[in-house]
Amino acid sequence: MNQPDIPAAIANIIESSPTPDVLFSELLPAVGEFLQCDRCFLYLHNPQRNLGRVAFCWVRTPDFPTIYTENWQPQPLSFSDEDPMFAAALHGKPSIFVEDVETADSKILNRKFEQDNFGHRALIHAHIQQDGQLWGVLQPCIFGHPRIWTEYERVVINNIVQKITPLTVDYVKSAFD
């Protein structure tokens with residue numbers, strides 16, 4: 001049996017959502033359910049102004065911390081030095097699938113930074129990039145235990161990112177019109 005490039009429920013959300021707000025609000029829980037994650041958030045980034053915000057966040061239960069930023073905030077210049085995954089995203093590198101924050105290579109992530117700022121144990125750092133610029137990061141994650149990301153899940157996440165990239169770019173640009 002061949003698995004679809006994107007599960008039908010997620011493809012339907014991407015194709016039928018009337019606005020980016022609806023799309024992202026419906027997409028995050030669908031991605032979280034598909035991956036059986038604890039939290040899934042969307043970080044948006046304006047590369048021209050170096051501003052960012054977490055505009056959408058889904059949590060499986062209230063026991064997991066929500067990440068949300070009301071307003072666009074400047075990215076500290078040191079942020080890419082502290083966070084190798086964010087540096088990779090800024091430099092156009094492929095998305096990163098971390099199975100265990102505790103054992104990941106320090107070239108991939110800063111364990112202390114992840115523990116202090118996010119608290120998750122396994123995550124996907126899915127880079128939303130266009131024309132060599134970072135426009136966002138889709139970040140599903142697991143708390144409390146490691147998680148092996150299957151090849152199929154990796155393909156699905158990469159395909160979702162590809163489909164939502166133009167909508168993400170338009171959404172970020174429209175916030176500054």
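The structure presented is a predicted model; accordingly, all values stated were derived computationally and were not measured. Position 1 is the first residue of the sequence, and the numbers go up from there.
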hydrophobic_cluster_shared for Phe86 and Ile108, side chain cutoff 4.5 Å:
no
Atom pair OG1/CG of Thr61 and Asp38 - distance to nearest 0.5 Å:
7.5 Å
If you look at every heavy atom in Gly32 and Trp58, which pair is closest and at what distance?
CA-CZ3, 3.5 Å
Below 4.5 Å, heavy atoms only, C-beta onward: do Val31 and Ile157 meet side chain to side chain?
yes
Note, Tyr171 side chain near Thr19 side chain (heavy atom, < 4.5 Å):
no
Under a 4.5 Å side-chain heavy-atom rule over Ile, Leu, Val, Met, Phe, Trp and Tyr, are Phe41 and Leu134 clustered together?
yes
Given the ring of Phe64, does Arg39 sit roughly above its face, with NZ or CZ under 6.0 Å from the centre of the six-membered ring and within 45° of the axis?
no
Would you indicate whether Glu102, at its atom CD, is surrounded by more than 12 heavy atoms from other residues, nucleotides or ligands within a distance under 6.0 Å?
yes
Roughly how far, to the nearest 0.5 Å, is the CH2 atom of Trp72 from the CG atom of Asn46?
6.0 Å
Looking at side-chain heavy atoms only, is the closest gap between Gln162 and Asn158 below 4.5 Å?
no
Exactly one candidate in Ile164, Leu167, Val22 meets side chain to side chain contact (heavy atoms under 4.5 Å, CB included) with Leu27; the answer is Ile164
Could you state whether Leu28 and Leu123 fall into the same hydrophobic cluster, counting links through intermediate Ile, Leu, Val, Met, Phe, Trp or Tyr residues with side-chain heavy atoms under 4.5 angstrom apart?
no
State plainly whether one hydrophobic cluster holds both Tyr152 and Ile96, where clusters connect Ile, Leu, Val, Met, Phe, Trp and Tyr through side-chain heavy atoms under 4.5 angstrom apart.
no
Please answer: with hydrophobic residues joined when any side-chain heavy atoms are less than 4.5 Å apart, are Val172 and Phe56 in the same cluster?
yes
How many angstroms lie between atom CG of Leu35 and atom CZ of Arg147, to the nearest 0.5 angstrom?
6.0 Å
Scan Val101, Val98, Ile142 and name whichever one has a side chain to side chain contact (heavy atoms under 4.5 Å, CB included) with His120.
Val101
Which distance, rounded to the nearest 0.5 Å, do you find between the CG of Leu90 and the NE2 of His45?
5.5 Å
Taking all heavy atoms of Pro84 and all of Lys107, pick out the closest pair and write down the distance.
CB-O, 3.6 Å
Asp105: partners by salt bridge (charged side-chain N to carboxylate O under 4.0 Å, His left out), with sequence neighbours left out:
none
Between Gln48 (side chain) and Lys173 (backbone), is there a donor-acceptor pair under 3.5 Å?
no
Verify, without hydrogens or angle tests, whether Gln36 (side chain) and Glu33 (backbone) share a donor-acceptor contact under 3.5 angstrom.
yes
Okay, side chain of Arg53, backbone of Gln73: is any donor-acceptor separation there less than 3.5 Å?
no
Quick one: side chain to side chain donor-acceptor pair (under 3.5 Å) partners of Thr150, sequence neighbours excluded?
Glu153
With a 4.5 Å cut-off on side-chain heavy atoms, are Phe118 and Gln139 touching?
yes
Arg111 side, atom CZ; Thr103 side, atom OG1 - distance, nearest 0.5 Å:
7.5 Å
Nearest heavy atoms of Val161 and Thr165, plus distance in Å
O-OG1, 2.6 Å
Over all heavy atoms of both residues, which pair between Leu23 and Ile13 is shortest? Give the atoms and the distance, please.
CD1-O, 3.7 Å
Taking the side chain as every heavy atom from C-beta outward, state whether Leu138 and Thr168 have any atom pair closer than 4.5 Å.
no
Heavy-atom closest pair, residues Ser16 and Asn12
OG-O, 2.6 Å
Main-chain N/O of Glu82 paired with Asn110 side-chain donor or acceptor, under 3.5 Å
yes
dist Leu51:CG -> Phe176:CZ (nearest 0.5 Å) comes out at 5.0 Å
Please give me the minimum heavy-atom distance between Gln129 and Ala88, naming the atom from each residue.
NE2-O, 4.4 Å
Report yes or no: does Ser95 contribute a side-chain atom to a donor-acceptor pair with the main-chain N or O of His127 at less than 3.5 Å?
yes
